[in-house]
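In what follows, a structure is listed as structure tokens, so that the remarks can point back to it.
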Amino acid sequence: MTEPKLPASPENQSAWSGRFSEPVSDLVKRYTASVFFDRRMWRQDVRGSLAHARMLARKNIIDESDLAAIEQGMATITREIEAGEFIWNLDDEDVHLNIEKRLTALVGDAGKRLHTGRSRNDQVATDIRLWLRDTIDEIDGQLRNLQKALLDTAESHTDTPLPGFTHLQVAQPVTFGHHLLAYFEMLRRDRERFGDCRRRVNRLPLGAAALAGTTFPIDRESVARDLGFEELCENSLDAVSDRDFAIEFCSAAALVMTHISRFSEELILWMSPRVGFIDLADRFCTGSSIMPQKKNPDVPELARGKTGRVFGHLVGLLTLMKGQPLAYNKDNQEDKEPLFDTADTLIDTLRIFADLVPGIRVKPEAMAAALRQGYATATDLADYLVKKGLPFRDAHEAVARAVRSCEERGCELSELSLDELRSFSPLVGDDVFEVLTVAGSLAARDHIGGTSPAQVRAAIERSRTRL
Ligand code: ARG
């Protein structure tokens, strides 16, 4: 967070100065203020205030002339903020009071009437929900862009064999395209999670006022319609105090980061000269100030690191909430920085990865070499024997002996002669060699969810319709 450089002028009176006999110290003012960070919700604050004012006018709680003045004042404020001319004032604590104060300076009493039947407690809850709704929509778009990058790259590699690993040991061949589609699926669930979270974000707290509702004859449904909320928060105490929707958001964000962190870990590993499966475009890497030979995968490493930061925000918000009695407590002001930082970190990460993925340069020779060293088609040989009538456990045993013998001689399964293979099981015929090839192994996994090139192509096609 940048240090606030906001004027604190002594002639400024706080909104509650009538109740107090001495002003707060500058330190306390700075400690309690949130305007340095919550002013980024100014658009939502103006939007929420206008909807509230329109409802007040419809219900004859304020005059049409007041509404007109408020609308005109808010238009001026919008222009001022957009032009960078608005003077944010530390004395006015937060975004809400800053805007209200400026409104009153611009239009007089009408500005003072805006807060009728409302409290900052329901106002801030409304602003966060509006902000989060916009942010979720933005994140959904970024997730989609990354999914598209994964599909496009997968499409170029539906036939490129990659060792699939379990326990970080070569297990069976997969295609590089199939591997990328695994991340596509993770992101698909991530988008579902955000969509689900959005439904609970999209409920209107306004009308709860400070905590108990208001004595004015308000019409909450019309405000909800005006602001695009799908439902009302049904209990005033709950409406102003719970931030579970923000926690859900951070939880969904933490899962996206988890997925990106796993992918990052793989990219880092694959790019290590020891493995050498891929190279990343230079613009995502840096060199070393001392070791001239280095090209480091900084972006994936940072994404892996920033995942910890997002987890921290999730735990921070959970902890913020757990000790609070009903209803609103000032603790809740601490919800914003973690929330904003979570969104910023996630959005930046998604944008960078959507650009990084198409820049992955695949090195098929290194992948093929690793496959050869790892007896990746051993399961295929066992399956072959099963199809010839051997029970799977016996087939497993026969192939294990064959692998051991290859290990001793330093050769691959496909390099054994027919007679040598028959010494492990007489069921081996001369059709065995095609199952020992990587291409044969891939093609044989020919069902939905399998890694055969034909299935990967079909999966890409299905996935495109889900974008
Ligand atoms: N700045 C406050 C927040 O972020 C707004 C609500 C303040 N309400 C209050 N009663 N102090 O939560």
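For reference, positions follow the sequence shown, starting with 1. Every number for a ligand or one of its atoms is a count from 1 in the order of the listing.
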Can you tell me if CD on Glu461 sees more than 12 non-hydrogen neighbours from other groups inside 6.0 Å?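 Incorrect, the count does not exceed 12.
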
Does NZ belonging to Lys148 count more than 12 external heavy atoms closer than 6.0 Å?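 Atom NZ in Lys148 is not packed in, count stays at 12 or less.
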
Show the distances, to 0.1 Å, for all pairs joining an N/O atom of ligand 1 and a protein N/O atom that are shorter than 3.5 Å, listing one pair per line.
from: ligand 1; atom 1: 1 (N); to: Ser34; atom 2: OG; distance (Å): 3.4
from: ligand 1; atom 1: 1 (N); to: Asp94; atom 2: OD2; distance (Å): 2.9
from: ligand 1; atom 1: 1 (N); to: Gln333; atom 2: OE1; distance (Å): 2.8
from: ligand 1; atom 1: 4 (O); to: Lys336; atom 2: NZ; distance (Å): 2.6
from: ligand 1; atom 1: 8 (N); to: Asn121; atom 2: OD1; distance (Å): 2.8
from: ligand 1; atom 1: 10 (N); to: Asn121; atom 2: OD1; distance (Å): 3.2
from: ligand 1; atom 1: 12 (O); to: Tyr328; atom 2: OH; distance (Å): 2.5

Asp341 and side-chain hydrogen bond (donor to acceptor under 3.5 Å, both in side chains): which partner among Lys336, Arg309, Lys306?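 When side-chain hydrogen bond (donor to acceptor under 3.5 Å, both in side chains) is applied between Asp341 and each of Lys336, Arg309, Lys306, only Arg309 qualifies.
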
With a 3.5 Å cut-off and sequence neighbours excluded, list the donor-acceptor pairs that the side chains of residues 165-172 form with protein atoms.
from: Gln172; atom 1: NE2; to: Thr379; atom 2: OG1; distance (Å): 3.0

Contacts of type ring pair (Phe, Tyr, Trp, His ring centres under 6.0 Å), residue Phe194, not counting sequence neighbours: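 With neighbours one apart ignored, the set is Phe249.
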
Taking only residues at least two apart or on different chains, which pairs with a member in residues 227-246 satisfy salt bridge (charged side-chain N to carboxylate O under 4.0 Å, His left out)?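 As it turns out, the salt bridge (charged side-chain N to carboxylate O under 4.0 Å, His left out) pairs with a partner in residues 227-246, which skip direct neighbours, are Arg203-Glu231, Arg243-Asp335.
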
